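Computed from a predicted model, the values in this text were never measured in an experiment.
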Amino acid sequence: MNMIAFESTRVATIKSSPSMAVSVAAKAMRAKGEHVVDLSLGEPDFDTPDHIVQAAIEAMRKGLTRYTAPDGLVELREAIVAKFKRENGLDYAMDEISIGNGAKQILFNAFLATLEPGDEVVVPAPYWVSYTDIVILHGGIPKIVPCGVEDAFKITAERLEAAITPKTRWFLFNSPSNPTGAIYTADELKALGAVLARHPHVAIMSDEIYEHIVCGDVPFTSFVVACPKLKDRTLIINGVSKAYAMTGWRLGYAAGPRELTRALNKLQSQSTTCPSSITQFAAAAALNGPQDFVTTAVAEYKARGELVARGFSAIPGLDVRAPEGAFYLFPKCAHYIGKTAPDGARISNDTELASYLLREGKVATVPGAAFGVEPYIRLSFATSRDNLAIAIERTADALAKLR
């Protein structure tokens, strides 16, 4: 009897989102009545601002619920063009914009549009969990460059130069960083740009979705602002999920060379057709409307970042670098690898440590292995200060029990 394979060899090479898996496990524990502090998902805990919600309601009441063009509503593309001009000093034309169902779809479309089997994509690690799997899914080869806490979690010009080969198709990075909170300075970006200028076959993908969430003294600089001569081969990835607490609305956008955005929009016409029309009206309201919510939210993230940096730094054995942006802490936990839990289980790696913290401390974290480096754990501080204080205390108690 012939058995039907329902998963291709390509799909079999990737894994489900590790951060989502941890969150699901935490929710299952809560459903059983256990009090779990979930620091696993990078999702703002604020509600979407009311004026954005009202824009969506108004669109629905007006019957604006039909398909849009694959590249999105004119109103939203105009808002995105205006945003880049207003906030970044960058000039993009309407046909240099692509809109997707979340920034993840933009990444997916970009690699589907450009990668040939065997093409390499240079990715500094730690990296966002989906980067490498999306590359692999489209036949590419991630060229991972480890950049630990001792490197301030950032790739240097020298290491980028060493990673580039004739097969390199893209250099992909994000700043502010998920999972580390690191931000590249303008000078650091210029140094990377000088390397990339010597390799005209390499395109640049700059994921800037956390640009507004700056928690320290290092200001955000867009890659194209730092390296304007590389604009014609740079795709800037952004979206409304993080800054405007719109994760579930699913709206990402990108700006780049029109030959590339034309390919992205062609792909979209054959996949999801277009993003939700309702979400597009809401996103236009987010970009065009008052920005006081962003200012208030960022001030709160900054206070939370200071709280977790101070609290987790006080735990013996954790090597903590204060976040400069986004809403993540990424402590190194090598001190605890090889230790034994009270139930006799040995902690062999950061995945087992994260599992132990969930089991013993009722704190959900994501292991560094999911982000391409070990041994670390990622903590999202996109939750209340009360929850963060509880998480710090529980983590300290659980780690103190390891022998």
Side-chain angles (χ1 to χ4, degrees), residues 15-43 45 125-129 146 148-150 153 178-181 304-305 307-323 327-403:
K15 58 187 178 298
S16 297
S17 169
S19 54
M20 188 61 70
V22 173
S23 181
V24 169
K27 288 177 181 175
M29 292 173 66
R30 283 203 297 267
K32 295 179 181 178
E34 299 182 66
H35 185 272
V36 177
V37 180
D38 190 355
L39 307 185
S40 63
L41 278 188
E43 181 170 50
D45 58 322
Y127 49 73
W128 180 51
V129 294
V149 66
E150 62 279 1
F153 300 121
N178 174 4
T180 69
R304 294 173 183 181
L307 171 64
V308 295
R310 184 170 60 250
F312 283 97
S313 292
I315 299 176
L318 291 182
D319 188 355
V320 175
R321 180 178 174 84
F327 35 66
Y328 305 104
L329 196 70
F330 201 64
K332 190 172 186 178
C333 52
H335 175 77
Y336 295 100
I337 305 305
K339 293 188 178 293
T340 302
D343 62 1
R346 187 171 183 273
I347 307 298
S348 300
N349 51 50
D350 58 17
T351 300
E352 292 179 359
L353 182 63
S355 178
Y356 167 74
L357 290 176
L358 180 58
R359 184 176 70 252
E360 179 70 26
K362 303 297 186 292
V363 177
T365 64
V366 185
F371 308 97
V373 294
E374 298 183 60
Y376 293 83
I377 51 174
R378 190 195 75 173
L379 316 164
S380 167
F381 51 87
T383 187
S384 71
R385 296 189 216 182
D386 288 343
N387 278 339
L388 294 172
I390 294 170
I392 292 167
E393 182 178 356
R394 289 183 180 181
T395 300
D397 290 345
L399 292 177
K401 294 176 183 177
L402 294 174
R403 294 290 180 266

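- Remark: E360 pairs with K401 by the side-chain hydrogen bond (donor to acceptor under 3.5 Å, both in side chains) rule, at least two apart or across chains.
- Applying the ring-ring contact (aromatic ring centres under 6.0 Å, His included) definition to pairs two or more places apart or across chains, none involves residues 384-403.
- Applying the salt bridge (Lys or Arg N to Asp or Glu O under 4.0 Å) test to every pair with at least one member in residues 333-352, sequence neighbours left out, gives these pairs: D343-R359.
- P367 and A354 make their closest contact through CD-CB, 3.9 Å (heavy atoms, listed as atom of the first residue, atom of the second, distance).
- Put simply, CE on M29 and CG on L358 are 4.5 Å apart, with the number rounded to the nearest 0.5 Å.
- Counting only residues at least two apart or in different chains, salt bridge (Lys or Arg N to Asp or Glu O under 4.0 Å) contacts with residues 309-322 comprise R321-E324.
- Residues passing the salt bridge (Lys or Arg N to Asp or Glu O under 4.0 Å) test with E34 are K362, sequence neighbours excluded.
- By the 4.5 Å heavy-atom criterion applied to side chains, L379 and Y328 are not counted as neighbours.
- Closest non-hydrogen pair, P375 versus A334, comes out as CG-CA, 3.5 Å.
- For D45, the side-chain hydrogen bond (donor to acceptor under 3.5 Å, both in side chains) partners are R304, not counting sequence neighbours.
- Taking the side chain to side chain contact (heavy atoms under 4.5 Å, CB included) definition, one finds that A382 meets it with Y301, F327, S380, sequence neighbours left out.
- Y376 is linked by a ring pair (Phe, Tyr, Trp, His ring centres under 6.0 Å) to F153, F330, counting only residues two or more places apart in sequence or in another chain.
- Heavy-atom minimum distance, R378 versus P179: CD-CB, 3.3 Å.
- Between atom CG of residue L353 and atom OH of residue Y336 there is a gap of 9.0 Å, rounded to the nearest 0.5 Å.
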So E374 and I337, side-chain contact (heavy atoms from CB on, under 4.5 Å) or not? Walk me through it.
CA-CA 10 Å; E374 298 183 60; I337 305 305; over 6 Å; no

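- Between the SG atom of C333 and the CD1 atom of I377 there is a distance of 5.5 Å, given to the nearest 0.5 Å.
- With S355 contributing its side chain and T351 its backbone, the two residues share no donor-acceptor pair below 3.5 Å.
- Here the closest non-hydrogen pair linking P331 and V320 is CB-CG2, 3.8 Å.
- For T383, the side-chain hydrogen bond (donor to acceptor under 3.5 Å, both in side chains) partners at least two apart in sequence or on another chain are N387.
- Atom OH of Y356 sits about 7.0 Å away from atom CD1 of I347, to the nearest 0.5 Å.
- Partners of R385 according to the salt bridge (Lys or Arg N to Asp or Glu O under 4.0 Å) rule, which considers only residues two or more places apart in sequence or in another chain, are E300.
- T395 meets the side chain to side chain contact (heavy atoms under 4.5 Å, CB included) test with F312, I315, L357, V363, L399; sequence neighbours excluded.
- Scanning both residues, V366 and S40, for their nearest heavy atoms gives CG2-O, 3.6 Å.
- R394 and V36 get closest at one heavy-atom pair: NH1-CA, 4.2 Å.
- Take T365 and apply the side-chain hydrogen bond (donor to acceptor under 3.5 Å, both in side chains) test, not counting sequence neighbours, and it matches no residue.
- Side-chain contact between L388 and L39 is present, with at least one heavy-atom pair separated by less than 4.5 Å.
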